[in-house]
Amino acid sequence: MSSKRIAKNRKKKRKKNRKKQHLQELSKELGLTFLILLLLMLFLSKVIFTLPKNEGYGMRDALNDGDRVYVDRIGKPKRFSLIYFDQPDGNGTSIRRVVGLPGERIRYHNDELYIDDRLVIERFLQKKLVQAQLANEVITEDFDSIDIIGTTNGIIPKGKYLVLGDNRHYATDSRYYGLVDERAMIGNVKLRWWPFYQMNTY
C-alpha cells in the first residue's frame, strides 16, 4: 500500500474519530440539559405550580371529569376563584369554588347567595339559574354557614374558606365536609389546558 493511500486512510480515520467524539459530547450536553430541565420542572412543580387532573362532576360546567388544569401555588384565593386543595375529610384532593371568605357569614335562600345579608350575584351560574327557574327548581338548597360552622353567628373563622361545587346537586363540598383550611390549599386554578380545544382561563 502506498504511503499516499496510508496517509489518506489515517486522515479519514481521524475525521471519523472527531465526528464520533463530537456526537458523544453533543449527547452528553443534551442529556445534561434534559436532566437540568427535569430537575427544574420538579422543583417548580413543588413550589410554583402543579398540573393536576379534575376528577368527578362536581365542577361541571366549568370543568369536566378528566380535564387537566394549571394550578398556581403562590397566589391567594379570592371570591369565586377555583382552588385545588386537600379535602378536610381526608378523601384526596378536589377542585371547588371559593364562596365564603374569613370573617363572613354565608346564606342561601331561594337560590340566591347572601354574604353578610347582602345579595351577591353568582354570574357563573346565570345560565343554570334561568333553566332552574323555568323548570320550577333550585340549584342550591337553602343553607346557612351557621349549620356548617356550628356557631351562633355563622362567621367563617380566620384562615378558613367555604367552598362549593358549581354542580350543586352532585358536588361534595363544604356543605358535607365543612370549611377548608388555608393550609390545606395547594393553589388557585388558573387554566384548563387539556383538552386543548377547551382551553380556558379562570
Side-chain angles (χ1 to χ4, degrees), residues 52-67 69-72 75-133 135-151 153-192 198 200-202:
K53 180 169 73 171
N54 179 57
E55 294 181 3
Y57 300 94
M59 283 306 298
R60 199 168 182 178
D61 299 311
L63 292 171
N64 297 311
D65 183 45
D67 286 356
V69 295
Y70 172 89
V71 173
D72 172 20
K76 286 206 80 169
K78 296 177 182 176
R79 168 107 56 232
F80 299 142
S81 61
L82 304 186
I83 61 164
Y84 179 55
F85 60 95
D86 293 314
Q87 288 186 192
D89 58 7
N91 290 332
T93 53
S94 191
I95 296 171
R96 292 291 180 263
R97 196 178 293 274
V98 173
V99 174
L101 303 173
E104 296 177 340
R105 178 186 173 184
I106 304 299
R107 184 169 60 90
Y108 276 88
H109 180 68
N110 291 337
D111 239 357
E112 292 178 328
L113 167 63
Y114 291 88
I115 299 174
D116 297 331
D117 293 324
R118 179 175 55 89
L119 178 64
V120 176
I121 304 300
E122 295 178 287
R123 301 194 187 284
F124 52 92
L125 288 180
Q126 286 308 294
K127 190 177 175 182
K128 285 184 178 181
L129 285 166
V130 170
Q131 290 170 345
Q133 285 170 359
N136 201 25
E137 297 173 351
V138 293
I139 292 174
T140 312
E141 297 291 339
D142 290 0
F143 81 90
D144 194 310
S145 53
I146 288 173
D147 308 322
I148 294 170
I149 302 165
T151 58
N153 61 13
I155 302 295
I156 299 170
K158 187 180 178 181
K160 304 277 187 179
Y161 294 82
L162 189 146
V163 301
L164 297 177
D166 288 1
N167 196 8
R168 300 280 164 86
H169 288 303
Y170 303 99
T172 303
D173 49 39
S174 286
R175 294 171 293 177
Y176 299 91
Y177 48 59
L179 303 175
V180 174
D181 195 293
E182 194 169 17
R183 289 169 296 185
M185 293 182 183
I186 298 165
N188 296 299
V189 176
K190 294 294 184 181
L191 172 76
R192 170 169 54 190
Q198 288 187 321
N200 190 31
T201 55
Y202 300 101

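What you see below is based on every heavy atom in this structure, not just the backbone, and it leaves out hydrogens, waters and symmetry mates. Computed from a prediction, not measured in an experiment: that's the story for all the values here.
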Charged N-O contact under 4.0 Å between Arg97 and Asp166: yes

Any non-hydrogen side-chain atom of Leu82 less than 4.5 Å from a side-chain atom of Met59? yes

Test log, rule side-chain contact (heavy atoms from CB on, under 4.5 Å), inputs Lys53 and Glu55: CA-CA 6 Å; Lys53 180 169 73 171; Glu55 294 181 3; 4.1 Å; yes

Partner of Pro52 under side-chain contact (heavy atoms from CB on, under 4.5 Å), chosen from Val189, Ile186, Val69: Val69

Enter the distance from Gln198:CD to Leu63:CG here, rounded to the nearest 0.5 Å. 9.5 Å

Any chance you could measure Leu179, atom CG, to Asp181, atom CG, to the nearest 0.5 Å? 9.0 Å

Nearest 0.5 Å, what's the CD1-OH distance between Ile156 and Tyr161? 10.0 Å

Centroid-to-centroid, Phe124 to Phe80, below 6.0 Å? yes

Quick check: do Ser94 and Val180 have side-chain heavy atoms less than 4.5 Å from each other? no

Say whether, by atom type as modelled, one donor and one acceptor occur between the side chain of Glu104 and the main chain of Leu101 under 3.5 angstrom. yes

From Asp89 CG over to Thr172 OG1, what is the distance, rounded to the nearest 0.5 angstrom? 8.0 Å

With distance as the sole criterion, is a donor-acceptor pair present between the side chains of Tyr84 and Thr93 under 3.5 Å? yes

On a heavy-atom basis, the closest approach of Tyr108 and Ile106 is CE1-CG2, 4.2 Å

Nearest heavy atoms of Leu162 and Leu164, plus distance in Å: CD2-CG, 4.0 Å

Backbone N or O of Asn54 within a donor-acceptor pair of the Asp67 side chain at under 3.5 Å? no

Does any part of the side chain of Asp61, heavy atoms only, come nearer than 4.5 Å to the side chain of Lys128, both counted from C-beta? yes

Is Arg107 atom CZ crowded by more than 12 heavy atoms from other residues, nucleotides or ligands, each under 6.0 Å away? yes

Decide yes or no on side-chain contact (heavy atoms from CB on, under 4.5 Å) for Tyr202 and Leu191, but give the supporting numbers first. CA-CA 6 Å; Tyr202 300 101; Leu191 172 76; 5.7 Å; no

Would you compute the distance between atom OG of Ser145 and atom NZ of Lys160 and round it to the nearest 0.5 angstrom? 14.5 Å

Flag if over 12 foreign heavy atoms under 6.0 Å of OH, Tyr57: no

Glu112/Asn110 under side-chain hydrogen bond (donor to acceptor under 3.5 Å, both in side chains): CA gap, chis, key distance, verdict: CA-CA 6 Å; Glu112 292 178 328; Asn110 291 337; 6.0 Å; no

Main-chain N/O of Arg118 paired with Asp116 side-chain donor or acceptor, under 3.5 Å: no

Is it true that, when you exclude Tyr170 itself, more than 12 heavy atoms of the residues, nucleotides or ligands shown sit nearer than 6.0 Å to its OH? no

For a side-chain hydrogen bond (donor to acceptor under 3.5 Å, both in side chains) check, start with the C-alpha distance between Arg168 and Thr140, then their side-chain angles and the critical distance, and finish with the verdict. CA-CA 6 Å; Arg168 300 280 164 86; Thr140 312; 2.8 Å; yes

Ala171 and Arg96 have their tightest heavy-atom pair at CB-NE, 4.3 Å

Is there a side-chain contact (heavy atoms from CB on, under 4.5 Å) between Met185 and Asp86 once you walk through the steps? CA-CA 6 Å; Met185 293 182 183; Asp86 293 314; over 6 Å; no

For the student: nearest non-hydrogen atoms of Gly154 and Ile149, plus distance: O-CD1, 3.3 Å

Give a yes or no answer on whether the side chain of Asp72 reaches the backbone of Asn188 with a donor-acceptor pair at less than 3.5 Å. no

Taking the side chain from Asp65 and the backbone from Gly56, do they hold a donor-acceptor pair closer than 3.5 Å? yes

Nearest heavy-atom pair of Pro88 and Gly178: which atoms, and what distance? CG-O, 4.5 Å

Restricting to non-hydrogen atoms, name the atom on Arg79 and the atom on Gly100 that form the minimum distance, rounded to 0.1 Å. NH1-CA, 4.2 Å

Given Asp111 and Leu129, is the side-chain contact (heavy atoms from CB on, under 4.5 Å) satisfied, shown in steps? CA-CA 8 Å; Asp111 239 357; Leu129 285 166; 3.4 Å; yes

Does His169 use its side chain to pair, donor to acceptor, with the backbone of Val138 at less than 3.5 Å? yes

Just wondering, do Leu113 and Ile115 contact through their side chains at under 4.5 Å, heavy atoms? yes

Are the side chain of Asn200 and the backbone of Arg192 linked by a donor-acceptor contact shorter than 3.5 Å? no

